[in-house]
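Values below: all heavy atoms of this structure, side chains included; hydrogens, waters and symmetry mates excluded. The shown structure was predicted, so the numbers you read here are calculated from the model rather than taken from an experiment. In the text below, chain A, chain B and the rest are named by the order of the sequence lines, each starting its count at 1.
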Number of protein chains: 2
Amino acid sequence: MSNAKDLPLLELDGGSVAPCCPPLTERPLDAEEAEAAARMFKALGDPVRLRLFSAVASHEGGEACVCDISDVGVSQPTVSHHLKKLKEAGLLTSERRGTWVYYRVEPSVLAAMGHLLAGAPPAA
Amino acid sequence: MSNAKDLPLLELDGGSVAPCCPPLTERPLDAEEAEAAARMFKALGDPVRLRLFSAVASHEGGEACVCDISDVGVSQPTVSHHLKKLKEAGLLTSERRGTWVYYRVEPSVLAAMGHLLAGAPPAA
């Protein structure tokens with residue numbers, strides 16, 4: 001069910017947080033780290049996709065199907081397309097139950113991205 | 001010097017953290033919030049740009065010029081191009097001193113992005 005295979009540097013360990021990269025303020029990322037991290041950022045770099053992601057992330061129970069989150073002003077096939085992209089980036093996992101596919105945020109990936117952005121120097 | 005004008009929803013207040021949006025897990029973002037946040041994520045969605053950003057963010061004193069961070073395997077004009085994109089996205093500020101332009105991470109923006117990614121539900 002996990003998309004960890006898409007994020008070679010993210011070593012999931014029993015569901016615990018396993019950041020792929022150090023905080024951006026700690027040291028320059030190397031090429032491999034940047035490749036993995038940029039893929040996650042890119043997936044959230046589209047406004048519609050980001051709205052859908054937040055709709056899934058904030059939905060009751062932490063999961064949602066296309067039927068739950070169709071109010072962002074795009075067609076259902078477009079919603080499905082974006083959810084697929086988020087899944088490919090390792091940000092969502094999915095499970096088919098009956099007619100619908102349910103999407104769930106991958107918490108360890110979100111935590112890894114938060115870790116990347118941690119350690120910002122204090123404002124001057 | 002600030003690029004806050006590029007991020008209309010980010011109300012800077014004396015350099016303090018002023019997130020443009022609630023955590024992604026709190027509620028679905030609206031269109032305007034998603035537009036502002038996606039712009040920041042998109043800017044970090046390129047591996048070379050992300051490496052350069054981390055090079056600036058982790059450089060001594062929290063700032064760097066093109067002359068400091070030319071070791072990512074791309075030409076200096078390409079480095080300058082990417083730094084300009086990061087500046088346009090509001091992630092970096094810049095200041096010319098003599099021959100060189102010095103870039104500095106905008107801490108409040110980085111903190112806002114971290115805030116967006118906070119509140120991930122615990123791993124199942």
Residues passing the side chain to side chain contact (heavy atoms under 4.5 Å, CB included) test with S75(A), sequence neighbours excluded, are P77(A), T78(A)

What residue pairs, at least two apart or across chains, pass disulfide bond (SG atoms under 2.5 Å apart) with a residue in residues 30-101 of chain A?
C65(A)-C67(A)

How close do P28(B) and S54(A) get, heavy atom to heavy atom, and via which atoms?
CA-OG, 3.4 Å

Checking E26(A) against chain B: side chain, backbone, both or neither under 4.5 Å from a heavy atom?
backbone

Only heavy atoms, only distances under 4.5 angstrom. Which residues in residues 43-51 of chain A are near chain B?
L44(A), G45(A), D46(A), P47(A), L50(A), R51(A)

Hey, does V105(B) have a side-chain heavy atom less than 4.5 Å from the side chain of T25(A)?
no

Closest heavy-atom pair and its distance - A57(A), L24(B)
CB-O, 3.5 Å

Side chain to side chain contact (heavy atoms under 4.5 Å, CB included) partners of R97(A), counting only residues at least two apart
E63(A), E95(A), Y102(A)

In this structure, CZ of F53(B) is separated from CG of L116(A) (nearest 0.5 Å) by 10.5 Å

Choice from V72(B), I69(B), L29(B) maximising heavy atom contacts with chain A below 4.5 Å
L29(B)

